[in-house]
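Just below is one structure, and these are the notes that go with it.
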Number of protein chains: 2
Amino acid sequence: MKELTIQQKKVLQCIKFYIKKTGFPPTRADICRELGFKSPNAAESHLRALEKKGYITIENGASRGINLTENTAEKSQSIPVIGLVAAGSPTLADENIEKHIPYQESLFLSDFDYFLRVKGLSMKDAGIMEDDLVAIKKTSEVRNGDIVVARIDDEVTLKYFQSSGNQIKLIPANDDFDEIYINKETEGFFIEGKSVGLIREN
Amino acid sequence: MKELTIQQKKVLQCIKFYIKKTGFPPTRADICRELGFKSPNAAESHLRALEKKGYITIENGASRGINLTENTAEKSQSIPVIGLVAAGSPTLADENIEKHIPYQESLFLSDFDYFLRVKGLSMKDAGIMEDDLVAIKKTSEVRNGDIVVARIDDEVTLKYFQSSGNQIKLIPANDDFDEIYINKETEGFFIEGKSVGLIREN
DNA sequence: ATTTATACTGTATATATATTCAGTAAAATT
DNA sequence: AATTTTACTGAATATATATACAGTATAAAT
């Protein structure tokens, strides 16, 4: 999808906000009032640009005939599900996104940034099973005992976090797997975030 | 909330459907077209009746200024969380409802009726931990291997289901707990539903 | 160097839309 | 028995709204 200009983003945000507030889309005049434009044609041309770039559709002749496209409507209120591939870091890049789940406030106690699809049973005894979706909050501030997403070079794992001094232990919750010992300054080591919740879809 | 007449229900359904279809509310003329009325005043008076009864609000002077009230809008549906108390069945009775979670379509693969707050670790090896919320679909049609909510007299448990002939086995996912053997015709035995998903809030 | 896109103001207008008024008729309520 | 509610048709109208046209100016793309 083509990139939007700053003004076009403002207009798109204005439409979303207006719908959220009133339950129906704005008129050209409403947009002008919200954004301080003095001519309805300012709104009109922005709308046509948004339409051309595929962010909205406009029903010609209908009042308030603005419709957010699926991509536009969803992205604002949905959380990406990212696959935990053995080699490769969980980034929000499009190619890693498995699907989107409609966003919901207060689903967990903490806010979070994305879901991680779990592969393997290394955290089995913590009740984290294959194909579970772990809610991840992007942060490097983690405490001992937290379940963290750790990256070592291109390898990404979900483990218990335990640090003492410069030494970090990544502990699996499964006797069949080994603990991983790392130095804080090890190159290529990074804490991506921590688990703040879990969803099992079946 | 006051009861609606058949025609008023039709109009309300028409509004919901129109919004779902187009993304914005209908005009009086739109409603007439959908329901076969020949005068815009037919729609107008139905709308005013719906407003009077509290199902919608109307922004005067604005085109398409129809707004579904919170009760009316389907987005405001919520799912109850029910505590699994040792003695007492999980019913939708108010005293058993811990809280409500905003409803969301397609959160799990199947639809479901309520969340059950898990007590104890009898299903630990199935990745179901203390305080997890198990999504329960109310049904008595369960298959071998399903995780079910079974009631024996006033005791309610979450277990694997296994039946052969008249004999039913309720199997825990934890070696520290014992299997339960029951006859299908046992008085006071009942399958409340089955697990179709799980949420861990932390 | 020229075209296209962005970012507006300002005016004008056909029409889309809400809304009122005048009726008719049956059903429900008081 | 009288009043209110429901359930419409049909006509009229003020105004809300989309949208085209005429400009100005800058930035980006070709």
Side-chain angles (χ1 to χ4, degrees), chain A residues 1-69 72, chain B residues 1-69 72:
Chain A
M1 199 122 72
K2 239 184 168 183
E3 272 290 311
L4 294 181
T5 66
I6 294 165
Q7 282 304 90
Q8 288 167 357
K9 274 181 192 166
K10 273 188 190 170
V11 173
L12 188 61
Q13 272 311 110
C14 171
I15 296 168
K16 286 182 187 175
F17 178 75
Y18 194 97
I19 292 174
K20 202 167 187 179
K21 200 180 63 178
T22 68
F24 42 86
T27 63
R28 277 49 166 181
D30 291 329
I31 295 171
C32 290
R33 202 176 310 114
E34 296 276 347
L35 298 179
F37 301 153
K38 287 174 182 168
S39 166
N41 189 42
E44 176 73 20
S45 43
H46 281 308
L47 288 176
R48 294 299 165 182
L50 286 171
E51 188 189 30
K52 207 172 176 183
K53 289 183 176 178
Y55 288 79
I56 62 170
T57 60
I58 299 173
E59 180 140 336
N60 291 303
S63 69
R64 304 180 188 272
I66 301 169
N67 215 336
L68 299 174
T69 37
T72 312
Chain B
M1 197 121 75
K2 239 184 166 181
E3 271 290 310
L4 294 181
T5 66
I6 294 166
Q7 283 303 93
Q8 288 166 358
K9 273 182 194 167
K10 273 189 191 170
V11 173
L12 188 61
Q13 272 309 112
C14 171
I15 296 167
K16 285 184 188 174
F17 178 74
Y18 195 98
I19 291 174
K20 203 165 187 177
K21 200 180 62 175
T22 67
F24 42 85
T27 64
R28 278 47 167 181
D30 291 329
I31 294 170
C32 291
R33 203 175 309 116
E34 296 275 348
L35 298 179
F37 302 153
K38 285 176 184 168
S39 166
N41 190 41
E44 177 72 20
S45 43
H46 281 307
L47 289 176
R48 294 300 164 182
L50 286 171
E51 188 189 28
K52 207 173 176 182
K53 290 183 176 177
Y55 287 80
I56 62 171
T57 59
I58 299 173
E59 180 140 337
N60 291 303
S63 70
R64 303 180 189 274
I66 301 169
N67 217 337
L68 300 174
T69 9
T72 312

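A, B, ... follow the sequence lines: proteins, then strands. Residue 1 opens every chain.
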Candidates A:Lys21, A:Gln13, A:Lys10 - the one meeting side-chain contact (heavy atoms from CB on, under 4.5 Å) with A:Glu34: A:Lys21
Phosphate OP1/OP2 of D:dA7: any B:Thr5 side-chain N/O under 4.0 Å: yes
Phosphate OP1/OP2 of D:dT6 contacted by B:His46 side-chain N/O (<4.0 Å): no
B:Asn41 (side chain) and C:dT20 (base): donor-acceptor pair under 3.5 Å: no
Phosphate-side-chain proximity, A:Ser39 and C:dT11, N/O vs OP1/OP2 below 4.0 Å: no
Integer-rounded Å distance: D:dT17 C1' and B:Asp30 CG: 14 Å
Distance test, side-chain N/O of B:Asn60 to OP1/OP2 of C:dT19, below 4.0 Å: yes
Protein-nucleotide distance (B:Phe37, atom CZ; C:dT17, atom C1'), rounded to Å: 18 Å
Distance in angstrom units between B:Lys10 NZ and D:dA7 P, rounded: 10 Å
Any A:Gln7 side-chain N or O less than 4.0 Å from OP1/OP2 of C:dT6: no
A:Leu50 and A:Ile66, any side-chain heavy atoms less than 4.5 Å apart: no
Nearest-neighbour nucleotide for the B:Ser63 side chain, C:dT19, D:dT19, C:dA18 considered: C:dA18
Interatomic distance where CG belongs to A:Leu4 and P belongs to C:dA5 [whole Å]: 15 Å
Atom-pair distance (CD1 on B:Ile66; C1' on C:dT17), nearest Å: 11 Å
Given C:dT19, D:dT19, D:dT9, the nucleotide with the shortest approach to the side chain of B:Pro40: C:dT19
Contact under 4.0 Å: A:Lys53 side-chain N or O vs C:dT6 OP1/OP2: yes
Value in whole Å for how far the P atom of C:dG10 lies from CD of A:Glu44: 18 Å
B:Arg28 vs C:dT17: side-chain N/O to OP1/OP2 distance below 4.0 Å: no
Sugar-phosphate only, base, or nothing, as touched by B:Ala62 at under 4.0 Å among non-hydrogen atoms: sugar-phosphate
A:Lys52 side chain near C:dA5 phosphate (N/O to OP1/OP2, under 4.0 Å): yes
Below 4.0 Å: OP1/OP2 of D:dA18 and any side-chain N or O of A:Arg48: no
Residue pair B:Arg64 / B:Pro25: nearest heavy atoms and the distance that separates them: NH1-O, 3.0 Å
Phosphate contact (C:dA7 OP1 or OP2) by A:Ser45 side-chain N/O below 4.0 Å: no
